Amino acid sequence: MTKKRTGVFVCHCGNNIAATVDVTKVKDAMANEEGVVFSQDYVYMCSDPGQNSVIDAIKDNNLDNVVISCCSPNLHEKTFRDNAKMAGLNSFTCEIANIREQCAWVHKDKDEATAKAIKISRSAVRRAGRDQALEPIAVPVTRKALVIGGGIAGIQAALDIANAGVEVILVEKLATIGGHMLQLSETFPTLDCSQCILSPKMVEVSRHPKIKLMTYSEVQEVSGSVGNFKVKILKKPTYVDPELCKICDDCASVCPVVVPNEHDLGLTARRAIHIPFAQAIPASYTLDESACLGLNPVRCGKCKDACDVGAINYDMQPQTITEEVGAIVVATGFDLYAQEHMNEMGGGKVEDVLDGLQFERLCSASGATKGHVLRPSDRTVPKEVVFIQCVGSRDPAQHCAYCSKICCMYTAKHARLYKHHVPDGRAYVFYIDIRSGGKGYEEFVQRAMEDDGTIYLRGRVSKLYRKNGKVRVLGTDTLTGQNVEIDADMVVLALAMEPSKGTGEIAKTLKIGRDKDGFLAESHPKLKPVESVTAGIFLAGCAQAPKDIPETVAQAGAAASKVIGLLSQPTLSHAPTVARVRNSHCSGCEMCVTACPYNAIHLEHGKAVVNEVLCEGCGSCSATCLRAAIEVKNATALQIHEMIEACLA
Amino acid sequence: MEKILGKTKIDDWVAALSDHPQEVGRGCKAAEAATTTHWQVSAPVLEDGIWSYQSGSGSVQLEHSNTTQPPKGFSFPQREVFFSFEQIKGEPPKLTQKLPQATRHAVFGVRPCDGCGAVRMDKVFSDHVADTYYTARRSNVAYVGLACNQPQGINCFCLSVGGSPVSSDGMDVLMTDLGDRYFVAAVTDTGKALMAAGNSVFSEPTAADRKQLQQTHAEAIAQPQRAINNLDAAPAKLKASFDSPLWEELARACIGCGVCTFLCPTCHCFDINDENTSATPIKGNRVRTWDNCQFPDFTMHTSGHNPRESLGSRLRQRVSHKFQYFHENFGMPQCTGCGRCITECSVGIDIVNVVNKVAEHAG
Amino acid sequence: MSHSQAEVTQAEASGEFEPRIVAFLCKWCSSAGSDLAGVSRMQYPSNATPITVPCSGSVSPMYILSAFKKGADGVLVSGCHIGDCHYIEGNFLARRKIHLVKELLGFVGIEPDRFRMSWVSAAEGAKYSNVIKDFVEDLKPLGPQNKMKADRS
Amino acid sequence: MINIQDMRDTARGLLTKKEVRAVIGYRRSTNGMLAEPVVITDPAQADELIWDPTCFHNLSLYLVEDRKFLTHVRKTADAPIAIVAKGCDARSIVVLMQEHYFERKDVYIIGMSCEGSGVLDERKLAAKGIRATDAAFDGDDFVFATAQGEQRIAAREVMADRCLECREPFPKEHNAVLGENKTGRELNAPFTALHRFEELDAGARWKFWEHQFERCIRCFACRSVCPMCYCEECVVDSISFPVTGQTSAEEKANRVRWIERSATRPENMTYHMTRVLHLAGRCIDCNECERVCPVNIPLRLLNNKMEREAREEFGYEPGASIGGPSLTASFLDTDPGKFIR
């Protein structure tokens, strides 16, 4: 084996490095290193002449690998790797020694900084000397996408992807798409009707030739990786054939079972066989198995008898459908933080204390009271209503530490809607701050105060309880410093938003991370806000963090564009710095299999095998392996060993 | 030179050796001797539950059963630096030989089997070719032996390998415990010098002393020991049993560790490695360390082939070396019957049993 | 001038003990955090030489022991905060392994201050600088590490 | 109380019916009173088997050897292999199965309950000045045959520390089991020796270990006897590198020399500390390493330290479950992190 020939290029970065690091000394020291056949310094390595000098030196000196001692690899690693490639080298044999951010900029003493720059550079020389030439891994792409969640985020993403000509499978857990947005009465800041703007999109989904809609379905299993996921979807039986169902309601009218209606958050009731709401998509009834007397003509069978078209089939079985997709959008949305957690707010046990969504259903023309604001306990018009913001939010000690972002706005909307329904009523809002950033938002809140006379009280509510047919609200107005006591007819809590139930499971199924609050984690908070930590899986809507409708739609569009971009390539390229198994050393103990965060390792004939497409090169396997039988290419134990030596020489 | 040393006076002798400017040493030149002022005395000390040679305690009590490690390390240490090297890029390498320091060791309490061990080590390292490092150390080591009035353990078998519990082979001085005093006999010139250094601590032996010595030695030799059945036949029997399946059977429990050979007074295999201390400039030491025929890479070829891959073949190597190959080269068995490899083997591999069984099997 | 002369710094020449630290930094958080310290021009002692690794979870106990054997006076492993690991759970694995290493080092009597682990996010330049400052301060009174350092004479 | 004849009958029966291809057990050695490991294949050999306080060996090592041999000759076994296993040995078999070294069906475990007793510590017996030619269990006592006649000693006086501190003297994982499952032993609390050592301050601990690591002669008996040290190449040294015809020159050249062959303190220390870390969560305290050490390095303290950390900090019990994840390949959200800055 002939010795590798290494070239070192030390950058002055103008005076950024040269002021504290004696670059000439670094260059000379590197020239003395074993294996280094070329060493030079230059004022701006990343300038055109600098880059050209790298290319020329590689060619002229027959270099096998290069080290650039310069700024952070985050800035110019790609630049110099491209240079290496242009000069005919493999780009993975170029290493960056960061002597600016990690050295020149943080030290004053020139001797010390120079000594450290030499160690950093020497360490990079050792690493480069052992670098293997690697080629990016090409992965073919399945041109199909999966969208999980049929709320506004999922609907938008599915439509955007489908409109680009890519097939989409839209999976929704419930019997209809629409999500929470469909429960809303009006939307801020324009007060336009939520259903009116959403229904057309739902219809478009149902009719789109590129969208395969799967309601009443759940994603069970996901394997594979970016470009080629394999997804198992469980389609639960609705016991009604949507093709035949005429939505005549004959079945529901004979059904003997009455249960609370989820769509109205329990403010109304429905039958075991039901349609969630008139505009549901798909337009079909669903027989709720958990409520039904037994799917058995002997036990009941009334609905089946009532159905003229024979759409009801008790023998319908759950189906598992396997699909292959290239990318996934997760839009599993939110749920409200449960009132039961809020003891100081009555813990869900005090009558006429509603959450925000229940109030939406009270205001909605399609809701429980047909759009009349009546309090649930006695169906009278509430004259004094207290709205409380930040219930469960911004309370790191007991509840959720984060701000749920939309409650200031929807509380203002609620107050206004209430005042529009009950002009002589009094609306109080307890708040901590008003956060109304957004186009037209601040003006909207101002109108709630000024036009609609909502009384805003800055302070927290300490307690509420039922007294004399009213809800007594005890709180403090921190602006006046006075205690406030209101006997309200109704109280509306702006409860915190939390990830929808099942977010944990779906995150596990997809092997994507969650943040400390349980929301799905984005890959980078600023630069990759719609990417999950797993390549090929994107995030949209409130599953990622609380947000309002326009933001959700924007994020869904962004996720869709990422999917379209990804799937527009014939193949994908995956970083080749992945784990490699040394068969002679592997004993098949499966410790790496357990440790791998990506399920990228499995056993074949008693030896570990790495799926290079799934492997992200984190090295958890190599640190766990007791036998040095697995390591990450170009970050091998031998390289680290020599780098340690270089740092301490 | 034969003397009597009262047991209470042994420390005075040790003190005299430690303090006495020393002018003689095996083969040392006058110029070297002038720079050396005393003997460093080592003797068995019971620490951590084992007997081991230690120096500097000032007090020597020869109440020990044999040491866990033989004294071979005094002349053949587990690690020996041959030379250091340094190569500045573009220049030829610079080598600096590292000869052992000329410390003189007087090792007390050496048992006859280990004295015989020294004889065999000397043959290996100086008979045909003198090993610079070994001989440099060996010339500065003197063994003050102690005869075994009783066998040291249940696995002693020196008598059946041509040795004796009272043998003075390899010793510079041989002491015999006569109850309240030692009978001290010089074996070599170095031994005489050692005794001379003690001078007045000794007294002359009486006829009664000599008679007791004879009797003690006779009784010692008469003590029952384990036995290799027919030593003289062993080389031929082993030779005939090279391909015997018995080896694998006898080695079935072997775990392949290095206890038997590292603790053996006559095992002398070594490995030579470069230990780098710096990559730029290249710096390091060339080092000799003990190696071990029981380790899996011993005799491993570069090709990956290992002619002695199985534990049975490694056991055969150890036993045949002791009782056949060494005999062929030097006319004596290499084994001195100390029994360490039996006593310390964690799985009961017993060289006496092995030799006897193989011989029996060979018919 | 040979490189070894170049490395004799003023402080070393003046005789004050300058601990030598090997700092294993994960690529995504701690290395980025140290970059931020640089961008923000936060000054800290030059004793720690960084080695960027993919993830704190990739730091084998062997690396740590090896650094001590090669004469490091202190060893730092720094990764992403729990929950922020770029590789989802590498730092969880690291936390468990490093705990064992740390306990073992202390058990055999190596000063606990010689080995340190920290979580430094990409946004915590100041924290990185403080981690190094504190480490150097804590190491100075301990003097050179000779317990594990191979004597290669 | 275990009747030796029952064990012999079990072994004989298994071999006669060809339910197993061999039985790994103990027989009397030629080295004094001690037992030695034996592998028998002939039912007639069953009468050689013994069971007494010198049966300290963890025979699961020979399951490893057996597997290595089968791999080497590229054969698959036609029947399981039987093994005589104490509580601790059975736990090590569980760890080996957890690491897929072999499968449950490959092994027939003849469990031997220590019945609230344990095995002998030869050093403790030697310290009492007793040279015995035979040893036997008898209730709470060990009975030794000596030149001076039979000598009866309370077992706990000469029992190995690890047995005194054993939490599970009954082999839970077994196919057949002999002896009673005696619980509620009133011997030493777990980690008694460790606690005693930890009363020393850091300086004294270093003095202790400095001395111990100086003394190691790197005979690798500790590693060789350990059933968990089954790696083809030990990562900490370049001694046992498995070179095959397929091993490339590059692979040979790229061996990492984490430690040198020289038996100096830093090298020895790195070796032992790596071994301890690699045994964390895998060591089941059979303490064979310490027993076989010719220079008596107290390795158990190191392994016990890791075992207690695993138990107290991570709730991990080595050898408890075949299907569970390994200690260092897994984690809990609640793992301690206070040491992290």
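Lettering of chains follows the sequences in order, A, B, ..., and the numbering in each one begins at 1. Only a predicted model underlies this, so the values are computations on that prediction, with no experimental measurement involved.
- Counting heavy-atom pairs under 4.5 Å between each of Leu200(D), Leu327(D), Leu302(D) and chain C puts Leu327(D) at the top.
- Interface residue Glu198(D): only side-chain heavy atoms are found under 4.5 Å from chain C.
- Only the side chain of Lys127(C) comes within contact range of chain D, with at least one heavy atom under 4.5 Å from a heavy atom of that chain.
- Contacts of Trp209(D) with chain C are made by side-chain atoms alone, with heavy-atom separations under 4.5 Å and no backbone atom involved.
- For Leu301(D), the parts sitting under 4.5 Å from any heavy atom of chain C are the backbone and the side chain alike.
- Contact of Ser262(D) with chain C is not made at all, since no heavy-atom distance falls under 4.5 Å.
- A cation-pi arrangement is absent between Arg67(D) and Tyr101(D) under the rule of less than 6.0 angstrom and at most 45 degrees off the ring axis.
- Between chain C and the options Phe208(D), Phe213(D), Phe197(D), Phe339(D), the largest number of non-hydrogen pairs under 4.5 Å is found for Phe339(D).
- Interface remark: Asn130(C) contributes no atoms to any contact with chain D (heavy atom separation under 4.5 Å).
- Using a 4.5 Å cut-off between heavy atoms, Glu111(C) makes no contact with chain D at all.
- For chain C, no part of Thr264(D) is nearby; none of its heavy atoms comes within less than 4.5 Å.
- Here Arg341(D) is the residue among Arg205(D), Arg341(D), Lys305(D), Glu309(D) with the most heavy-atom pairs under 4.5 Å with chain C.
- Within 6.0 Å of NZ on Lys68(D) lie more than 12 heavy atoms contributed by other residues, nucleotides or ligands.
- For Ala329(D), the part lying under 4.5 angstrom from a heavy atom of chain C is the backbone only.
- Residue Asp201(D): no heavy atom, backbone or side chain, is found under 4.5 Å from chain C.
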